[in-house]
Asks: 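Take this structure, written in structure tokens, and hold onto it; I'll ask about it next.
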Amino acid sequence: MQRIEDETAIKQPRDFLLRMAINLGVDMLRRDQVRQFYEGRFASSGDVDNGELTPEQLLIERQRLCCVWQEIQALPERCKDAFMLSRLHGLSYPSIARHFGISVSMVKKHIMEALRRCHSAEAG
């Protein structure tokens with residue numbers, strides 16, 4: 001907010017601050033969740049020997065992660081936001097519905113679409 005030269009350019013400061021807070025939280029949680037996901041995945045897979053991946057395994061996992069991440073970024077904005085609020089922030093579907101002013105059913109549809117596209121991207 002301090003870097004904005006013309007404060008009158010922000011039509012709805014409350015909404016602007018909320019979006020900024022959500023984006024910062026999503027960025028922070030996204031990094032943590034990706035790290036935890038891969039730590040758990042590698043720890044439970046039989047492909048890991050002494051906790052180290054071969055260069056080939058590392059490359060494959062990075063490519064899969066990139067595909068999934070690109071798919072998440074390509075989601076429609078509301079779908080992506082609902083997915084992030086659910087999976088990264090742990091918000092309930094009713095909370096997300098209230099936040100966006102939509103039905104719980106619509107939130108479920110957004111999450112299912114995001115999951116479907118992520119699974120497709122991961123499968124290659």
Side-chain angles (χ1 to χ4, degrees):
M1 286 287 293
Q2 292 175 340
R3 289 187 230 160
I4 298 174
E5 294 176 16
D6 182 15
E7 288 121 20
T8 60
I10 300 171
K11 304 279 187 255
Q12 297 182 346
R14 183 177 182 271
D15 291 341
F16 177 79
L17 289 173
L18 178 62
R19 171 54 54 198
M20 186 185 322
I22 288 171
N23 289 346
L24 289 171
V26 166
D27 289 345
M28 181 180 66
L29 290 172
R30 185 181 302 136
R31 284 190 300 269
D32 290 344
Q33 187 171 15
V34 168
R35 182 180 36 72
Q36 289 172 3
F37 172 78
Y38 278 99
E39 285 174 358
R41 184 177 187 145
F42 294 146
S44 64
S45 78
D47 295 338
V48 179
D49 186 359
N50 298 327
E52 294 185 23
L53 295 174
T54 66
E56 293 83 13
Q57 291 168 325
L58 184 58
L59 178 62
I60 290 167
E61 291 302 321
R62 283 186 178 170
Q63 288 172 337
R64 287 171 61 182
L65 177 61
C66 280
C67 288
V68 171
W69 181 243
Q70 288 173 347
E71 198 59 44
I72 290 170
Q73 292 304 307
L75 289 169
E77 195 67 29
R78 173 118 350 138
C79 183
K80 178 172 48 174
D81 289 345
F83 179 72
M84 295 295 196
L85 288 172
S86 171
R87 294 302 190 253
L88 296 178
H89 292 287
L91 265 64
S92 68
Y93 288 9
S95 295
I96 296 168
R98 279 191 304 277
H99 174 75
F100 289 122
I102 59 176
S103 68
V104 173
S105 175
M106 194 67 218
V107 172
K108 289 178 184 178
K109 289 177 184 176
H110 285 315
I111 303 295
M112 290 304 293
E113 176 63 13
L115 290 172
R116 184 190 66 74
R117 289 173 65 172
C118 288
H119 287 292
S120 294
E122 185 178 20

Asks: If a pair satisfies salt bridge (charged side-chain N to carboxylate O under 4.0 Å, His left out) and one of its residues is in residues 81-92, list it, with sequence neighbours excluded.
Replies: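 As it turns out, the salt bridge (charged side-chain N to carboxylate O under 4.0 Å, His left out) pairs with a partner in residues 81-92, which skip direct neighbours, are Arg19-Asp81.
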
Asks: With sequence neighbours excluded, give me every side-chain hydrogen bond (donor to acceptor under 3.5 Å, both in side chains) pair touching residues 93-102.
Replies: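 Output for this query lists Ser92-Ser95, Ser95-Arg98.
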
Asks: Could you pull out all residues at least two apart from Arg78 that satisfy salt bridge (Lys or Arg N to Asp or Glu O under 4.0 Å)?
Replies: none

Asks: Quick check for you: to the nearest 0.5 Å, what is the distance between Ile72 atom CD1 and Phe83 atom CZ?
Replies: 4.5 Å

Asks: So, for Pro76 and Arg117, which heavy atoms are closest and what is the spacing to 0.1 Å?
Replies: CD-NH1, 3.8 Å

Asks: Quick test of your reading: applying side-chain hydrogen bond (donor to acceptor under 3.5 Å, both in side chains), list the pairs with at least one residue in residues 101-115, sequence neighbours left out, ordered by first then second residue.
Replies: Glu113-Arg116

Asks: Enter the distance from Cys79:SG to Met112:CE here, rounded to the nearest 0.5 Å.
Replies: 11.0 Å

Asks: What pair of heavy atoms forms the shortest contact from Leu75 to Ala114, and how long is it?
Replies: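 Shortest heavy-atom separation between Leu75 and Ala114 comes out as CD1-CB, 3.6 Å.
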
Asks: Drop me the distance from Leu65's CG to Ile60's CD1, to the nearest 0.5 angstrom.
Replies: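 Going from CG on Leu65 over to CD1 on Ile60, the span is 14.0 Å.
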
Asks: Output the distance between atom NE2 (His89) and atom CE (Met84), rounded to the nearest 0.5 Å.
Replies: 8.5 Å

Asks: So, taking the atom named NZ in Lys80 and the one named CG in Leu85, what distance separates them when rounded to the nearest 0.5 Å?
Replies: 12.0 Å

Asks: Hey, any chance Leu59 and Val68 share a hydrophobic cluster, counting ILVMFWY side chains that come within less than 4.5 Å of each other, even indirectly?
Replies: no

